[in-house]
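Here's the structure we're looking at; comments come further down.
Model, not experiment: these values are computed from the prediction. Just so we're on the same page: letters track the sequence lines, and every chain starts at 1.
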Number of protein chains: 2
Amino acid sequence: MTADHVFAALASPARRRLLRLLLDEGAQPAGRLAVRFDMSRPSVSEHLKVLKDAGLVAESRRGRERHYRLEAGPLMEIREWLTPYERFWRERLSALSTLLDEMDDLGPDDEHGPDGLNGRNGEQPHV
Amino acid sequence: MTADHVFAALASPARRRLLRLLLDEGAQPAGRLAVRFDMSRPSVSEHLKVLKDAGLVAESRRGRERHYRLEAGPLMEIREWLTPYERFWRERLSALSTLLDEMDDLGPDDEHGPDGLNGRNGEQPHV
DNA sequence: ACTATATGTAGGATTTTTCCTACGCATCAA
DNA sequence: TTGATGCGTAGGAAAAATCCTACATATAGT
């Protein structure tokens, strides 16, 4: 439920694969998910529990089956957590292109066109 | 260097805090980062190593200090990994608002205005 | 050359994670 | 009711992560 739980849950490749399966194929009973893994069914069941505790999946009981569905909310919180780093990333990119421009001014050694995707006009942070 | 390494690196609160410090305050020598933690300096040093192996920080030696700087590229790959889930998330949202509209049609019990941020007009996936 | 500083590495204790098999519980079908 | 099916939990072994205290290395200053 906390960000800690979400990050910890995403640390396992098996759990990330579970999320992807639920995304691509929709909600499914636990057993149908488990057969895809090179791992015992109870182990998959525990992974599902970790995902559930992190709020990444929800379960609904239907007869003797338990259907798990993706709950993408926490992933959007991860996305928000990443946002400030995106700003940093863009600034690095524009700093790089500024540097390339300066190199062009000093002495163009070849004629590779400027293929940057941004306008080469940002502030330049810690380089 | 792989996505596995990046997700695993982000699983530790201490390492996420290191990244945040480097983002907010810029590159710093290892020792200056370490004093902020309720943990021995060598332990912080190992966390920095994990981050470096994941490509999340880079080090540059300056005299007897080692400055660590944020390397945001891998975080942008995480962002891309999240993208398909964002689509799923939006579809859920619009499905919810569609549902709310139907409830309005059947019998409006109060007059809360529709405060959804989207137009309530998407496809409705697995609800 | 000698000492102090900045930092990584070694080795180990402790905790956590991961995975298994065995079992219990609920549901469906005869 | 009886037997099969779907699934979680218990208990434990093995592996990995976490954190510590020495210790080694390299640079700076005197």
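Of the candidates D:dT18, D:dC19, C:dG8, D:dT18 carries the atom nearest the B:R15 side chain, counting heavy atoms from C-beta on. Between D:dC7, D:dT9, C:dC19, one nucleotide has an atom nearer to the side chain of A:K49 than all others, and that is D:dT9. Minimum atom distance to the side chain of A:E46 is reached by C:dC20, of the listed D:dT18, C:dC20, C:dT7. Of the listed nucleotides (D:dT21, C:dC19, D:dG6), D:dT21 has the atom at the smallest distance from the side chain of B:P42. For A:A30, the listed nucleotide lying nearest its side chain is D:dG8; candidates were D:dG8, C:dT18, C:dT7. Residue B:S40 has its side chain nearest to D:dC20 when only D:dG11, D:dG8, D:dC20 are considered.
OP1 or OP2 of D:dG8 lies within a sub-4.0 Å distance of a side-chain N or O belonging to A:Y68. Side-chain N/O atoms of A:S45 include one lying less than 4.0 angstrom from OP1 or OP2 on D:dG8. Remark: B:R64 is not in phosphate contact with D:dT25, judged by side-chain N or O atoms under 4.0 Å from OP1 or OP2. Contact check, A:H47 against C:dC19: a side-chain N or O comes under 4.0 Å of OP1 or OP2.
Rounded to an integer number of Å, the gap from B:R61 CZ to C:dG8 P is 8 Å. We find that CD of A:E65 is positioned 18 Å from P of C:dA26, with the value rounded to whole Å. One can place CZ of A:R17 at 17 Å from C1' of C:dT18, the figure rounded to the nearest angstrom. Whole-Å rounding puts the B:Q28 CD to C:dA6 P distance at 14 Å. Between B:R16 atom CZ and D:dT18 atom P there is a gap of 11 Å when expressed in whole angstrom units. Whole-Å rounding puts the A:R32 CZ to D:dG6 P distance at 12 Å. Atom CE of B:M39 is separated from atom P of C:dT15 by 16 Å (rounded to the nearest Å). The distance between atom NZ of A:K52 and atom C1' of D:dC7, rounded to the nearest whole Å, is 12 Å.
Taking 4.0 Å as the cut-off between side-chain N and carboxylate O, B:R87 and B:E91 do not count as a salt-bridged pair. A salt bridge is absent between A:E77 and A:R79; no separation between the charged side-chain nitrogens and carboxylate oxygens falls under 4.0 Å. One finds a salt bridge joining A:R36 and A:E25 here, because a Lys/Arg side-chain nitrogen approaches an Asp/Glu carboxylate oxygen to under 4.0 Å.
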Residues B:E65, B:R61; criterion salt bridge (charged side-chain N to carboxylate O under 4.0 Å, His left out); working and verdict: CA-CA 6 Å; B:E65 298 179 337; B:R61 314 190 175 193; over 6 Å; no
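Annotation: cation-pi geometry satisfied between B:R20 and A:W81 (NZ/CZ under 6.0 angstrom from ring centroid, within 45° of ring axis).
Across the interface with DNA chain D, nearest-nucleotide mapping of B:R41 and B:V44 shows B:V44 to be the residue nearer the 5′ end.
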